Trainee: 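Quick one: the structure is below, and I'll ask about it shortly.
Convention: sequence-line order gives letters A, B, ...; per-chain numbering from 1. Computed from heavy atoms alone, side chains included, the values below leave out hydrogens, waters and symmetry copies. The structure displayed is predicted, hence computed values, not measured ones.
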Number of protein chains: 2
Amino acid sequence: MHTRTRRYHHGDLRAALLTRAEETLREKGPAALSLRELARDLGVSHAAPSRHFKDKQALLDALALTGFERLTAVLEASQDGAGETFAKRLDAMVRTYVGFARDNAELLDLMYSIKHDPAASDVLVEATHRWSDLVVRLIGDGQARGEVREGPVERVGLPVFAALHGYADLAATGMLPSEVDEHGLDEVIAFMLRGCVPRDVL
Amino acid sequence: MHTRTRRYHHGDLRAALLTRAEETLREKGPAALSLRELARDLGVSHAAPSRHFKDKQALLDALALTGFERLTAVLEASQDGAGETFAKRLDAMVRTYVGFARDNAELLDLMYSIKHDPAASDVLVEATHRWSDLVVRLIGDGQARGEVREGPVERVGLPVFAALHGYADLAATGMLPSEVDEHGLDEVIAFMLRGCVPRDVL
DNA sequence: ACCTGAACACCGTTCAAGT
DNA sequence: ACCTGAACACCGTTCAAGT
């Protein structure tokens, strides 16, 4: 690839490994991710990655962490220009999340598989909390405005999150016939709003 | 384990491989599933499995297929004594599905990962259709009774399925704090019913 | 028909040794 | 501090040969 004579590696092997790992994950799937092939791609010996990641799992953890950081960043950004009403803020968040899931299907899968690993690192657990806090805040604000039914936020928010998580997974893994996926998201958002409706309405 | 002198294998190696594979999947997770270890566990040579499954993927496909068969069986059974109303039938189906997901978390994961593989076999695709037909029938019957809003069944059913799939995944992978999981399912079912409510009500 | 044993090309991980 | 090269114990897959 790059023909300069290299004594060791050109600079930041750690970052290069993560970048290349994500490319491979996206292009060839998680099964094709091998430390040795990564090292080969980057022109270092197969043992070199171990200086930066104690084992393969540590690299996957680090990769998942970058995913959570990017996800929370776009989700937070989605709330900025979204407007005031619960309907508009929910719409923005859901479309952003599903968009991220479509664009990063394999990465999101990795993120979830690591999240429910009991040995997940602290920084990683913290990253997932930042994201669930966003949902909690969205629901809480909606309740404060009288646009969402009363009740403990986790209980009101849980079905919303379940539907969001489920639809994003279906869409990202290509399990929806394309003509369903076309307007499916509109349908899901309307469904969520009906589910959130205050008790005096339904 | 069994001490009888065996010339080759005791009988049905194919079935024994599938049974042992599911045990390993359940106890040690998908990463620990190796053809060679399976063969060792069953006391045959490492090449023996290839007589029954052309490669590892073929064994996983067969395992997923048994999963789909058992899943559709319990789901169909759930509808028998469920009662007449849409609410009761939905309740029965959702609880049965989530129960299956909890009891077979790793297997269900495998089933989904294979389902969205473009090279999925015909019998496997057919098995997944039997299950989506069940959801379609549930929604269609609800509409006929005037208990579910009008519209194309796929469009009405999609958010229900998304929420079901999403909640089952959260519950099965242990991502719900136990005090949330306690009453979470009731909350999700009520949410689904509000989402399905006819247009003249909401 | 069903299984074995050896062979091949891959892994992840470890560790002395090099620069 | 960072990387190499050899070594070890695993994989999946294939194929001649055995019963």
Trainee: Which whole-number value in Å describes the distance from A:Leu17 CG to D:dC2 C1'?
Mentor: 13 Å

Trainee: If you round to the nearest 0.5 Å, how far is SG of B:Cys196 from CD1 of B:Ile139?
Mentor: 5.0 Å

Trainee: Using Watson-Crick and G-U wobble pairs with both distances under 3.5 Å, what is the 5'-to-3' dot-bracket string of DNA chain D, with [ ] for crossing pairs and | for pairs outside the strand?
Mentor: ||.|||||...|||||.||

Trainee: Counting only side-chain heavy atoms from C-beta out, which of D:dC3, D:dA6, C:dG12 sits nearest to A:Leu35?
Mentor: C:dG12

Trainee: Taking B:Glu147 first and then B:Arg89, would you say they form a salt bridge - that is, a charged N and a carboxylate O separated by under 4.0 Å?
Mentor: no

Trainee: Decide yes or no for A:Thr66 and A:Leu63: does some side-chain heavy atom of the first lie under 4.5 Å from some side-chain heavy atom of the second?
Mentor: yes

Trainee: Which ones in residues 51-58 of chain B lie close to DNA chain D, meaning a heavy atom under 4.0 Å from one of its atoms?
Mentor: B:Asp55, B:Lys56

Trainee: If the condition is ring-ring contact (aromatic ring centres under 6.0 Å, His included), which residues does A:Phe68 pass it with, not counting sequence neighbours?
Mentor: none

Trainee: Donor-acceptor pair, B:Arg130 side chain versus B:Glu69 backbone, under 3.5 Å?
Mentor: no

Trainee: Provide a list of protein-nucleic acid N or O atom pairs under 3.5 angstrom, restricted to nucleotides 8-10 of chain C.
Mentor:
none

Trainee: Does B:Glu126 have any salt bridge (Lys or Arg N to Asp or Glu O under 4.0 Å) partners at least two apart in sequence or in another chain, and if so, which?
Mentor: none

Trainee: With a 4.0 Å cut-off, would you call A:Arg20 and A:Glu23 a salt bridge?
Mentor: yes

Trainee: Using a strict cut-off of less than 4.0 Å between a Lys/Arg side-chain nitrogen and an Asp/Glu carboxylate oxygen, indicate whether B:Glu22 and B:Arg70 qualify as a salt bridge.
Mentor: yes

Trainee: Side-chain contact test, heavy atoms from C-beta onward, threshold under 4.5 Å: evaluate it for A:Val136 versus A:Glu154 and give yes or no.
Mentor: no

Trainee: Could you pull out all residues at least two apart from A:Asp181 that satisfy side chain to side chain contact (heavy atoms under 4.5 Å, CB included)?
Mentor: A:Arg102, A:Tyr167, A:Ala171, A:Leu176

Trainee: Hey, which sits more toward the 5' end of DNA chain C by its nearest nucleotide, A:Ser50 or B:Ala47?
Mentor: B:Ala47

Trainee: By nearest atom, which of the nucleotides C:dT13, D:dT4, C:dG5 is closest to the A:His46 side chain?
Mentor: C:dT13

